[in-house]
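Only one structure is covered here, and it is reproduced in the block below.
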Amino acid sequence: MYKKLILLIMILGCGLLYGQEYKGHDTIKSIVIEDGDTKVHETASLYIEWSASTLMGEPVLNARGIVGITFNSPGTTSSVVYKEKLYKVPKEIIKKILVVSASAAAILDYERYMYFDLGSMGDIYWGHLFNLSKEQRGKYFSFNVPGSPQWDKTVYKTSPYGGIKKHYYLSESDAKQIFIAGLNEDSSCIGRIEFNLNPIKSWIQNKDKKKSLFTKEDPFKKFDKMNSEDPKEDLKKIDGEIIKFISDRCGDYYTMVEVKGRGLTLTAEYIGETGAQRKKREQRSKEYERKREERVRRVKKAAINDLPRLQSRWEEKRKNIKGECTNYIIKKYGLEISVEKLQELLEKNFTDLGRFEAIYYISYDGY
């Protein structure tokens with residue numbers, strides 16, 4: 001009787017966790033713009049849309065976000081602290097900064113937290129986020145793939161931004177109970193943004209180099225080095241690294257359809273076969289071939305009809321890879337090579353779709 005009761009409770013619990021779905025959104029304001037030894041005296045905001053659901057009794061978490069920066073200071077420059085020194089940096093240089101990553105945590109009831117990685121970020125929106133219409137948001141939203149953590153790694157007991165190395169989670173049964181009781185869709189969020197401020201650092205360093213022309217013993221040598229073109233060998237190396245980045249992440253990009261059969265034909269002498277038996281065998285063979293050709297025709301037609309959807313899907317992934325690669329390359333080489341030259345290399349590689357092309361092979365049972 002006791003075992004039956006336990007089984008009934010388990011069945012009811014699974015039923016309650018089937019198909020649960022909650023959604024929420026929030027704008028996180030006054031996020032500091034900093035990167036290591038650099039801090040910009042402007043503030044960023046992060047708009048987040050999140051969803052938490054269950055699929056076949058397992059948690060599914062997803063979120064996307066937009067980073068917005070509004071210039072609070074008047075004039076054409078912004079104050080920047082770099083290596084404990086204050087600089088006035090033109091706003092057009094400030095607008096070259098990038099978002100490397102962003103994350104947020106929804107504050108659930110009882111001060112529990114649910115963490116979301118917002119994936120590959122889109123462009124920064126320069127202005128107040130509330131000015132964006134629902135249609136305009138699509139241009140700036142990050143790209144993310146839903147994740148499914150274990151139940152005992154779904155709800156934090158402590159803030160994921162608490163600065164502690166070890167995070168504490170609710171147990172599986174407690175996390176499930178929170179889902180069953182219902183998540184607060186009006187939950188406020190906390191967040192973090194990692195910025196790439198290399199364009200600002202590069203501008204400041206070049207500015208300091210120009211100042212040093214009048215204080216060093218051999219200023220002309222420094223001047224020539226500063227204005228020399230980026231070394232071709234370095235550019236060739238970076239170009240190869242971009243190509244490798246693409247090939248490692250692109251997977252299969254479907255651009256055309258081709259039916260490629262895999263078959264094996266066997267021949268043999270049919271000793272003692274009568275004329276009627278031969279005709280019957282040949283008829284079976286023709287019927288088999290007719291059915292095979294019909295299967296090939298149906299599969300090919302279905303694949304061609306589905307091709308636009310696949311192409312659209314991989315185009316979106318290609319944009320995601322471009323964002324990741326841009327952040328990686330500029331963060332790694334932004335202080336050695338001009339940002340303009342790096343952008344030129346990136347644009348060349350991502351405009352040439354040949355790096356992403358592959359044949360979409362149709363396979364079907366037996367061939």
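Values below: every heavy atom of this structure, side chains too, minus hydrogens, waters and symmetry copies.
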After noting the C-alpha distance and the side-chain angles of K322 and C325, does the key distance pass the side-chain contact (heavy atoms from CB on, under 4.5 Å) rule? CA-CA 5 Å; K322 182 177 181 180; C325 187; 5.8 Å; no
Could you identify which residues cluster with L86, counting Ile, Leu, Val, Met, Phe, Trp and Tyr as linked when any side-chain heavy atoms lie under 4.5 Å apart, either directly or through a chain of such contacts?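 Besides L86, the hydrophobic cluster comprises V81, listed by chain and residue number.
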Are [X] and [Y] packed together at the side-chain level, in the sense that at least one heavy-atom pair is separated by less than 4.5 angstrom?
X: L170; Y: I178; value: yes
X: N349; Y: I243; value: yes
X: I242; Y: L346; value: yes
X: Y333; Y: N198; value: no
X: N206; Y: S202; value: yes
X: E49; Y: K23; value: no
X: N131; Y: H128; value: yes
X: E58; Y: T54; value: no

Report, as yes or no, whether the 6.0 Å neighbourhood of atom [atom1] on [X] holds more than 12 heavy atoms from other residues, nucleotides or ligands.
X: K39; atom1: NZ; value: no
X: Q136; atom1: CD; value: yes
X: K91; atom1: NZ; value: yes

Rounded to the nearest 0.5 Å, what's the gap from [atom1] on [X] to [atom2] on [Y]? Could you check?
X: M114; Y: L108; atom1: CE; atom2: CG; answer: 5.0 Å
X: S53; Y: L183; atom1: OG; atom2: CG; answer: 10.0 Å
X: K201; Y: I204; atom1: NZ; atom2: CD1; answer: 9.5 Å
X: I33; Y: L197; atom1: CD1; atom2: CG; answer: 8.0 Å
X: I93; Y: T77; atom1: CD1; atom2: OG1; answer: 12.0 Å
X: I246; Y: R318; atom1: CD1; atom2: CZ; answer: 10.0 Å

Tell me the closest heavy-atom pair linking [X] and [Y], and the distance in Å.
X: G191; Y: I28; answer: N-CD1, 3.6 Å
X: I193; Y: S45; answer: CD1-O, 4.4 Å
X: M121; Y: G65; answer: CE-O, 3.7 Å
X: R112; Y: K157; answer: NH1-O, 3.8 Å

Short side-chain to backbone donor-acceptor contact, [X] and [Y], under 3.5 Å:
X: S285; Y: R281; answer: no
X: T76; Y: P90; answer: no
X: D26; Y: C189; answer: yes
X: D35; Y: E194; answer: no
X: T38; Y: E34; answer: no
X: T70; Y: G127; answer: yes

Quick one: do [X] and [Y] end up in the same hydrophobic cluster if we chain Ile, Leu, Val, Met, Phe, Trp and Tyr together by side-chain heavy atoms under 4.5 Å apart?
X: L118; Y: I97; result: yes
X: I66; Y: L46; result: no
X: L129; Y: I69; result: no
X: Y140; Y: I94; result: no
X: W203; Y: I124; result: yes

Test side-chain hydrogen bond (donor to acceptor under 3.5 Å, both in side chains) applied to S120 and N320, step by step: CA-CA 6 Å; S120 177; N320 183 30; 2.9 Å; yes
Residue pair K286, E289: steps toward the side-chain contact (heavy atoms from CB on, under 4.5 Å) verdict: CA-CA 5 Å; K286 287 180 181 179; E289 185 62 26; 5.7 Å; no
Cation over ring, R192 on Y161, under 6.0 Å and within 45°?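 No, R192 and Y161 do not form such a contact.
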Suppose the criterion is ring pair (Phe, Tyr, Trp, His ring centres under 6.0 Å): which pairs have a residue in residues 26-84, not counting sequence neighbours?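 Sorted pair list: W50-F116, F71-W126.
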Go through the steps for Q277 and T274 under the test side-chain hydrogen bond (donor to acceptor under 3.5 Å, both in side chains), then give the verdict. CA-CA 5 Å; Q277 289 172 331; T274 65; 3.3 Å; yes
Is the centre of the W151 ring less than 6.0 Å from the centre of the F179 ring?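 So the answer is yes for these two rings.
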Applying salt bridge (charged side-chain N to carboxylate O under 4.0 Å, His left out) to E287 and R290, what does each step give before you reach the verdict? CA-CA 5 Å; E287 180 63 18; R290 186 191 67 77; 2.7 Å; yes
side-chain contact (heavy atoms from CB on, under 4.5 Å), that's the test. Do Q150 and E172 meet it? Break it down for me. CA-CA 8 Å; Q150 298 294 323; E172 177 177 347; over 6 Å; no
Step-by-step side-chain contact (heavy atoms from CB on, under 4.5 Å) determination, T43 to K29: CA-CA 8 Å; T43 55; K29 300 177 181 179; over 6 Å; no
Apply side-chain hydrogen bond (donor to acceptor under 3.5 Å, both in side chains) to the pair K88 and S79, showing each step before the final yes or no. CA-CA 5 Å; K88 291 293 184 180; S79 297; 2.7 Å; yes
Walk me through whether Y328 and N196 qualify under side-chain hydrogen bond (donor to acceptor under 3.5 Å, both in side chains). CA-CA 9 Å; Y328 168 73; N196 175 6; over 6 Å; no
After noting the C-alpha distance and the side-chain angles of K236 and E241, does the key distance pass the salt bridge (charged side-chain N to carboxylate O under 4.0 Å, His left out) rule? CA-CA 9 Å; K236 188 176 180 181; E241 192 161 352; over 6 Å; no
Identify, with sequence neighbours excluded, every residue that meets ring-ring contact (aromatic ring centres under 6.0 Å, His included) alongside Y169.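 For Y169, the residues satisfying ring-ring contact (aromatic ring centres under 6.0 Å, His included) (neighbours in sequence not counted) are Y156.
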Steps toward salt bridge (charged side-chain N to carboxylate O under 4.0 Å, His left out) verdict (K348, E344): CA-CA 6 Å; K348 180 189 74 173; E344 185 180 318; over 6 Å; no
